[in-house]
Protein chains: 2
Amino acid sequence: MNAFENILHEKHVRSTAMRLLVMDTLAKQQTAISLHDLEAAFEHADRITLYRTLKTFEEKGIVHSIEDGTGATKYALCEPGCQCSPQDLHIHFYCNKCEKTYCLSKSKIPDLGLPKGYQLQEVNLVAKGVCNRCSD
Amino acid sequence: MNAFENILHEKHVRSTAMRLLVMDTLAKQQTAISLHDLEAAFEHADRITLYRTLKTFEEKGIVHSIEDGTGATKYALCEPGCQCSPQDLHIHFYCNKCEKTYCLSKSKIPDLGLPKGYQLQEVNLVAKGVCNRCSD
DNA sequence: GTTGCTATGCAATGGTATTGCATTTTTTTA
DNA sequence: TAAAAAAATGCAATACCATTGCATAGCAAC
């Protein structure tokens, strides 16, 4: 049983060939990718199956999604130990030059100081600008 | 010349009946609204004209847009003096119960502490949970 | 008043997200 | 092990939001 199978088992998601392939593909990315990107990484995979795989992964806390404002939701594998609670979440950075969305895993979301009465459940924070690779 | 006409003039946008109506409608909202919502506020307005009005307003810094993850971009009037730079920006809050998006104008975006080499230009921060009206 | 630019309105299109249903695969149970 | 149940997959179809092209109307400058 390899690492991916372990994760699926831990998260109570059945291990299938397709799901392992998707995890493997996501793990190889340097950036968060869209459904379209994921589809392009396979030769003969059905878009809908990939879509539902991502949705299942998201529900079960295997990937997190990012609304980066491009119109296409991006997905990336969660870090080990991530519960997807606001404290676990990190900043995402969308580069206006290379048009990629990066997980800044080490930059956690700062305390937001919400007004009284607001109950925080999730945070989607996307910083936009020029990434370190493009700013030379 | 009323307040809205002044703003349009300052921002170098021509004052038209349609644009003044849109500003008026936006000013009356307690929340950021979508193009669809805006359309519903008028009886006989063309969707595309409203779309382009919002786009023009956004370009000229009259409104700001929020990607709240619902799939439909939300718009709200900028505060007086807003330059839409990261320092001016505030947190948005999407309520999972009433499904509305609020501008928390007094809650500015905290310092993000981006890694070296990342140049910040814009920030889209949407906190999600239950708003103070729905949490009683 | 005429010319030219801008705004408006209608039509059409493209892209992403999502659901329904039939079929296959996997798991459970007898 | 075979049958039954549950879940995953694949194809088709759809809904919704965003966006562009083009023709017309309105305003502004000369």
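When reading the values below, keep in mind they use all heavy atoms of this one structure, side chains included, and skip hydrogens, waters and symmetry mates.
Atom pair Glu39(A):CD and dG10(D):C1' shows a separation of 13 Å (rounding to whole Å applied). Put simply, CG on Leu50(A) is 15 Å from P on dA8(D), counting in whole angstrom units. The CG atom of Leu54(B) sits 11 Å away from the P atom of dT19(D) (whole-angstrom rounding). Spacing between atom CG of Leu8(B) and atom P of dC27(D) amounts to 15 Å, rounded to whole angstrom units. Remark: C1' of dA18(D) and CD of Glu67(A) are 15 Å apart, rounded to the nearest angstrom. The interatomic distance linking Arg52(B) (CZ) with dG26(D) (P) rounds to 17 Å, in whole Å. Leu21(A) places its CG atom 10 Å from the P atom of dT9(D), with the value rounded to the nearest Å. Atoms CD1 (Ile48(B)) and P (dC17(D)) sit 13 Å apart, rounded to a whole Å.
Taking the six-membered ring for Trp and thresholds of 30 and 60 degrees, His92(B) and His64(B) have ring planes inclined between 30 and 60 degrees apart. Classified by interplanar angle (parallel below 30°, tilted 30° to 60°, perpendicular above 60°), the ring pair Tyr118(A)/Phe93(B) is perpendicular.
Ranked by how close their nearest DNA chain D nucleotide is to the 5' end, Lys55(B) and Thr49(A) are led by Thr49(A). When the nearest nucleotides of DNA chain D are assigned to His44(A) and Ala72(B) by heavy-atom distance, the more 5′-ward of the two goes with His44(A).
The local environment of NZ in Lys100(B) is sparse, with at most 12 non-hydrogen atoms from other residues, nucleotides or ligands closer than 6.0 Å. In the displayed structure, Lys108(B) atom NZ is contacted under 6.0 Å by more than 12 heavy atoms of other residues, nucleotides or ligands.
Listed here is the closest heavy atom pair of Met18(A) and Thr53(A): CG-OG1, 4.4 Å.
Not a single donor-acceptor pair, N or O on each side, falls under 3.5 Å between the base of dG26(D) and the side chain of Arg14(B).
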Check: Yes or no on side-chain hydrogen bond (donor to acceptor under 3.5 Å, both in side chains) for Ser135(B) and Asn132(B), after CA distance, side-chain angles and deciding distance?
Finding: CA-CA 5 Å; Ser135(B) 65; Asn132(B) 58 358; over 6 Å; no
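On the nucleic acid side, DNA chain C contacts chain A at distances under 4.0 Å to non-hydrogen atoms, with the end points of that region at dT16(C) to dT27(C).
Applying the 4.0 Å criterion to OP1 and OP2 of dA18(D), one finds that Thr73(B) has a side-chain N or O inside that range.
Using modelled atom types, no side-chain atom of Glu59(A) and backbone atom of Thr56(A) make a donor-acceptor pair closer than 3.5 Å.
Picking from dC17(D), dA8(D), dT19(D) the nucleotide with the shortest atom distance to the side chain of Tyr51(B) gives dT19(D).
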